[in-house]
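Notes follow once the structure below has been shown.
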Amino acid sequence: MATDYDTPRKTDDDINEDSIEELKARRNEKSTSAVDVDEFEQAEGLELPGADLSNEELSVRVLPRQADEFTCMSCFLVHHRSQLAKEKNGNPICRDCAA
């Protein structure tokens, strides 16, 4: 937990003056604080199903599977060969799917 060294320190008298009800009220006040989020910014990244994406370009470089990688036949993800758990019917299975 970060400590703010610029805040004034409480003395023993101040600590003893805080009642349990005051402390509970402060805790509830802190937990009910709302975050101000701009709805337009939030909706800007949202894509609707069936949206026309024909003008969009792929901005990620896709690499082909490397020699030290395999495709799991259960989850169909490409993993490094160190993640190979077993082969089931000649098909490679990753550690996550084998567990």
Side-chain angles (χ1 to χ4, degrees):
M1 181 175 188
T3 304
D4 185 6
Y5 293 103
D6 294 331
T7 59
R9 297 184 183 188
K10 290 187 174 186
T11 63
D12 290 337
D13 296 332
D14 294 337
I15 293 172
N16 293 335
E17 289 176 6
D18 290 337
S19 68
I20 190 73
E21 289 80 17
E22 290 176 6
L23 294 174
K24 287 181 182 178
R26 286 187 208 160
R27 181 176 51 179
N28 289 338
E29 288 174 7
K30 289 180 183 178
S31 64
T32 59
S33 62
V35 177
D36 187 21
V37 177
D38 187 11
E39 292 178 14
F40 180 73
E41 289 179 10
Q42 189 177 21
E44 193 173 5
L46 182 66
E47 292 185 17
L48 300 174
D52 181 22
L53 301 176
S54 59
N55 294 336
E56 297 293 323
E57 291 185 21
L58 183 64
S59 61
V60 177
R61 187 172 158 221
V62 179
L63 298 175
R65 188 177 66 205
Q66 303 298 308
D68 61 346
E69 296 175 332
F70 70 96
T71 302
C72 176
M73 290 295 125
S74 181
C75 64
F76 301 104
L77 294 176
V78 176
H79 297 278
H80 188 264
R81 68 175 166 219
S82 64
Q83 295 294 317
L84 180 63
K86 63 180 179 179
E87 286 193 12
K88 185 176 181 180
N89 298 331
N91 296 322
I93 304 294
C94 69
R95 289 183 183 174
D96 294 334
C97 294

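This one's a predicted model, so the numbers in the text were calculated from it and none came from an experiment.
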Q.
Distance check, rounded to the nearest 0.5 Å: R95 atom CZ versus C72 atom SG?
A. 12.5 Å

Q: Measure from the side-chain N and O atoms of E57 to the backbone N and O of N55, and report whether any donor-acceptor pair falls under 3.5 Å.
A: no

**Q.** For F70 against P92, the heavy-atom pair lying closest together
**A.** CD1-CB, 3.5 Å

Q. When you measure from the side chain of N89 to the backbone N and O of N91, does any donor-acceptor pair fall under 3.5 Å?
A. no

Q: First locate atom CG of L63, then atom CD of E69, and finally report the distance between them rounded to the nearest 0.5 Å.
A: 8.5 Å

Q) Just how far is it from atom NE2 of H79 to atom CG of D96, taken to the nearest 0.5 Å? A) 6.0 Å

**Q.** Closest approach of L84 to I93 (non-hydrogen atoms, all atoms of both residues)
**A.** CD1-O, 3.7 Å

